[in-house]
Amino acid sequence: MQNIDIIKKGEELHKLNYEELYSIISSSDADQELFKAADRVRKKYVGDEVHLRGLIEFSNICANNCLYCGIRALNRDVKRYKLSKEEILSLARSAKKYGYMTLVMQSGECSVYEDDEFCEILSEIKSMDFAITLSIGEKSPEQYAMYKKAGADRFLLRIETTDPELYQKMHPNMSLENRMASLRYLKAAGYETGTGNLVGLPGQTDSSIAKDILFFSELGADMIGLGPFIPSPGTPLALSKGGTFIKALKVMALTRLLIPDANIPATTAMETLQPSGRMIALASGANVIMPNVTDESHKVEYNLYPGKPALHESALKCRDDICKKLLGIGRPVSKDYGFRKRGFR
Ligand code: SAH
């Protein structure tokens, strides 16, 4: 089958097999058709509205050593921080003023708060009338249940790569099985569950990327956040070649074809590699943006990779700039919580 026909099939049936995905990923002859098809599927299933999720990077302390990540434990150049409960709640109050309906709580992989205290923070945020997303790495099933009870609604846990060998190389002392098991626990615990991958990791093949996309679909992910790998100073991959914007965009667009009603963010890493990258992503299948609400002094220390946009700008300016750009492309800002609206399967 020609790539153009594969895309047509994906748009109509929302089903593509490994060979078909591989054929699209490994060639560039129908990229523009793919982006247009993903845009149509996005419009049909989740509409024009863009959901804004306010992101709080509440700690950069991490116990893991993912080879690509700027805040890995062994990176001694990072000034570590943990926001106090009061600081988090104050950011949440600002986020409320800015009109955000969802707060995303993100951190390194480390329990910087005791569970009781973390649950208190979640309950207080919940009482301000937010949907809450966690992005805090792997926890125990008991902790997932506890946080859910305290008010968390969604959980983002990227699989990063489903290639067992590459996963092992990139994540010392971690295991792909544990990560997959965590995703299954999260679903069973009733979270809206998000995953995603890094596109362009050293040693990653197009074949393994095709399998990543099949994994998102088989898991029944509610949200898929993905982006290009960007080499980060102070990591073992500092001098490696990074991923490309276009490949990450293709993986995102293919994911939209396969999971038409998912929430898919236009990620910050895409904006880092390409000016207006997030707007391009919104025109190629994405329907979510996660503006940063972390204060300027801390967000510079949450340095997963270099070149993050708007690093020295206030949360208010980040929001205003994004809203202005959305207006420019005719995409309204959603006023609801933005839970997944199932329109397929
Ligand atoms: N610690 C949490 C989440 C924080 S990091 C967890 O493990 O889930 C959020 C995401 O940033 C990661 O899932 C990873 O995909 C991405 N990331 C980390 N380093 C990166 C880099 N160098 N380039 C691009 N994305 C990166």
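Counting starts at 1 for both ligands and their atoms, in listed order. Computed over heavy atoms, backbone and side chain alike; hydrogens, waters and symmetry mates excluded.
- The closest heavy-atom contact to atom 3 (C) of ligand 1, among the options Ser59, Gly108, Ser135, comes from Ser135.
- Here the shortest heavy-atom pairing between Glu313 and Cys318 reads O-SG, 4.2 Å.
- Of all atoms in ligand 1, listed by their number and element, those nearer than 4.0 Å to a heavy atom of Gly137 are 2 (C), 6 (C), 7 (O), 8 (O).
- Across Val199, Leu273, Leu198, heavy-atom proximity to atom 17 (N) of ligand 1 is greatest for Leu198.
- In summary, the side chains of Asn3 and Ser23 do present a donor paired with an acceptor at a separation below 3.5 Å, with no hydrogens or angles considered.
- Considering only non-hydrogen atoms, atom 10 (C) of ligand 1 lies nearest to Arg158 out of Met170, His171, Arg158.
- Ranked by closest heavy atom to atom 24 (C) of ligand 1, the top entry among Cys69, Ala269, Pro228 is Pro228.
- Distances shorter than 4.0 angstrom do not occur between any heavy atom of Pro231 and any atom of ligand 1.
- Proximity of Leu304 to ligand 1, defined as any heavy-atom pair under 4.0 Å, is shared by backbone and side chain alike.
- Counting heavy atoms under 4.0 Å from ligand 1, residue Ser107 touches it through the backbone alone.
- Residues Tyr113 and Ser59 bring no donor and acceptor atom of their side chains to less than 3.5 Å of each other.
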Expected list for residues 240-249: side-chain donor-acceptor pairs under 3.5 angstrom, two or more places apart:
| unit_1 | atom_1 | unit_2 | atom_2 | d |
| --- | --- | --- | --- | --- |
| Ser240 | OG | Leu237 | O | 3.3 |
| Thr244 | OG1 | Lys247 | N | 3.2 |
| Lys247 | NZ | Asp206 | OD1 | 2.7 |

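- Scanning the protein heavy atoms around atom 19 (N) of ligand 1, the nearest turns out to be Tyr68 CD1, 3.4 Å.
- The protein atom (non-hydrogen) at minimum distance from atom 15 (O) of ligand 1 is Glu160 OE1, 2.6 Å.
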Legend entry - Tyr68 vs His171, ring-ring contact (aromatic ring centres under 6.0 Å, His included): CA-CA, chis, key distance, verdict: CA-CA 9 Å; Tyr68 46 80; His171 305 99; 5.4 Å; yes
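- At a heavy-atom cutoff of 4.0 Å, ligand 1 is contacted by the side chain of Tyr302 but not by its backbone.
- Nearest-residue assignment for atom 8 (O) of ligand 1 (options Gln106, Arg179, Glu109; heavy-atom criterion): Arg179.
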